[in-house]
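The structure under discussion appears below in the form of structure tokens.
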Amino acid sequence: MSNVRVSNPRLKGRDVLQEKFVVVDLETTGLSPRNNAIIEIGAVKFEAGAAEYATMEALIDPEVDIPGVITGINGISNEMVEGCGVIEEELPHFIEFFGDLPLAMFNAPFDMGFLRHNALKIGAAIDNPVIDVLPLSRKAFPALPNHKLTTLKAHFGIRVDQSHRALVDCRTTLSVYGECVRKLFGG
């Protein structure tokens, strides 16, 4: 294991108002970065004023069977990842894509745990500032019954075909972030 230092600085207050950042979402075989694997990564590069955003997505071969319960949640099957790149091949492309830009995630500790763990495998560090959209939504909309991404999607009328797929969840997270910024900062 490498001695690479990986930190997780968090943006707070008005610092969450960034002109450029990358929304990242992962799908995994379970909840533990040590015992489970990433099976999909999605990323959307937001830039204020841009008409379109650059995106990146990849299915990842976890080199283990995907549990049926996970396939039931996100629809990603063993057959879908067969022949796809492994995390050591795919993660460097994403690290290059987001560079040193802030990363926005929904429930950032979960995704950052998997990113940190896998970055160490390839001798890389992910020291990017992090915007966690989950606590922003709790602060902006405290009266909601819960703050699951699917609940927020329904509350805001965000129309996407499915949930629990990385790129779709990135776009949903970006929309929720926008709603939170409007509510909290009038932006």
Side-chain angles (χ1 to χ4, degrees), residues 1-2 4 6 8 21-46 53-99 101 103-126 128 130-135 137 146-154 158-177:
M1 191 72 72
S2 170
V4 177
V6 180
N8 186 15
F21 58 88
V22 179
V23 182
V24 177
D25 187 72
L26 310 176
E27 297 302 325
T28 65
T29 61
L31 301 176
S32 167
R34 291 192 184 278
N35 301 320
N36 300 114
I38 297 171
I39 55 176
E40 187 176 41
I41 301 177
V44 174
K45 193 177 284 185
F46 169 83
Y53 307 128
T55 63
M56 215 176 154
E57 66 180 322
L59 286 169
I60 313 267
D61 182 346
E63 302 182 288
V64 297
D65 281 339
I66 299 171
V69 67
I70 297 299
T71 299
I73 293 169
N74 58 33
I76 301 171
S77 67
N78 290 308
E79 294 75 26
M80 290 171 67
V81 299
E82 189 176 317
C84 293
V86 295
I87 193 65
E88 292 85 358
E89 296 167 346
E90 298 295 338
L91 188 56
H93 302 296
F94 283 87
I95 292 172
E96 182 179 331
F97 182 74
F98 54 71
L101 291 172
L103 303 178
M105 301 170 188
F106 195 84
N107 191 17
F110 178 83
D111 291 319
M112 284 304 296
F114 275 90
L115 287 175
R116 284 180 181 154
H117 179 76
N118 286 282
L120 288 173
K121 288 182 184 179
I122 60 171
I126 300 174
N128 304 54
V130 174
I131 302 166
D132 191 345
V133 178
L134 175 57
S137 73
N146 65 58
H147 288 83
K148 295 177 183 176
L149 197 54
T150 53
T151 301
L152 293 162
K153 179 174 71 171
I158 299 167
R159 301 205 191 304
V160 293
D161 292 339
Q162 66 187 134
S163 293
H164 301 294
R165 288 302 301 268
L167 192 57
V168 172
D169 284 355
C170 284
R171 290 183 174 125
T172 303
T173 297
L174 182 56
S175 294
V176 170
Y177 168 85

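For clarity, every value in this text was computed on a predicted model and none was experimentally measured. When a residue number appears, it is its place in the shown sequence, counting from 1.
- The minimum heavy-atom distance between Gly42 and Cys170, with the atom names listed, is O-SG, 3.3 Å.
- A donor-acceptor pair is defined here as one N or O able to donate and one able to accept, closer than 3.5 Å; no such pair exists between the side chain of Thr29 and the backbone of Asn36.
- For the atom pair Ser32 OG and Phe114 CZ, the distance stands at 6.0 Å (nearest 0.5 Å).
- With contacts defined as side-chain heavy-atom distances shorter than 4.5 Å, the pair Phe106/Val23 does not qualify.
- By the ring-ring contact (aromatic ring centres under 6.0 Å, His included) test, Tyr53 pairs with Phe46, sequence neighbours left out.
- Judged purely by atom type and a 3.5 angstrom limit, Asp132 uses its side chain to pair as donor or acceptor with the backbone of Asn107.
- Between Ile95 and Ile122, the closest side-chain pair of non-hydrogen atoms falls below 4.5 Å.
- The main-chain N or O of Ile38 is never found under 3.5 Å from a side-chain atom of Thr28 such that the two would form a donor-acceptor pair.
- The shortest distance between side-chain heavy atoms of Leu149 and Thr173 falls below 4.5 Å.
- Scanning for ring-ring contact (aromatic ring centres under 6.0 Å, His included) contacts around Phe94 gives an empty result, with sequence neighbours left out.
- Residues Ile87 and Ile41 have side chains in contact (heavy-atom distance under 4.5 Å, counting atoms from C-beta outward).
- Taking the salt bridge (Lys or Arg N to Asp or Glu O under 4.0 Å) definition, one finds that Arg165 meets it with Glu40, sequence neighbours left out.
- For Thr151 (side chain) and His147 (main-chain N/O), no donor-acceptor pair under 3.5 Å exists by modelled atom type.
- Within the 4.5 Å cutoff, the side chain of Leu167 has no heavy atoms near those of the Asp25 side chain.
- Contacts classified as side chain to side chain donor-acceptor pair (under 3.5 Å) and involving residues 79-93 (residues at least two apart or in different chains) are given here: Ser77-Glu79.
- In terms of heavy-atom proximity, Ile131 sits nearest to Tyr177 at CG2-CE1, 4.1 Å.
- Nearest heavy atom pair, residue Ala119 against residue Leu91, reads N-CD2, 3.6 Å.
- Side-chain contact between Ile73 and Glu27 is absent, with no heavy-atom pair separated by less than 4.5 Å.
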Stepwise side chain to side chain contact (heavy atoms under 4.5 Å, CB included) test for Ile39 and Met80: CA-CA 10 Å; Ile39 55 176; Met80 290 171 67; over 6 Å; no
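- Heavy atoms from other residues, nucleotides or ligands lying under 6.0 Å from NZ of Lys148 number 12 at most.
- By the ring-ring contact (aromatic ring centres under 6.0 Å, His included) test, Phe98 is found to be paired with no residue, residues two or more places apart in sequence or in another chain being considered.
- Side-chain contact between Leu115 and Val24: present, with at least one pair of heavy atoms (C-beta onward) separated by less than 4.5 Å.
- A distance of 13.0 Å separates CD1 in Ile158 from CZ in Arg171, rounded to the nearest 0.5 Å.
- The structure places CG of Leu152 at 8.0 Å from CG of Leu134, a figure rounded to the nearest 0.5 Å.
- The side-chain hydrogen bond (donor to acceptor under 3.5 Å, both in side chains) test applied to Lys153 returns Ser163, not counting sequence neighbours.
- Counting only heavy atoms from C-beta outward, the side chains of Asn128 and Val22 never approach each other to under 4.5 Å.
- The two residues Pro62 and Ala37 have their closest heavy-atom pair at CB-CB, 3.6 Å.
- Asn78 contributes a side-chain N or O that, together with a main-chain N or O of Ile66, makes up a donor-acceptor pair within less than 3.5 Å.
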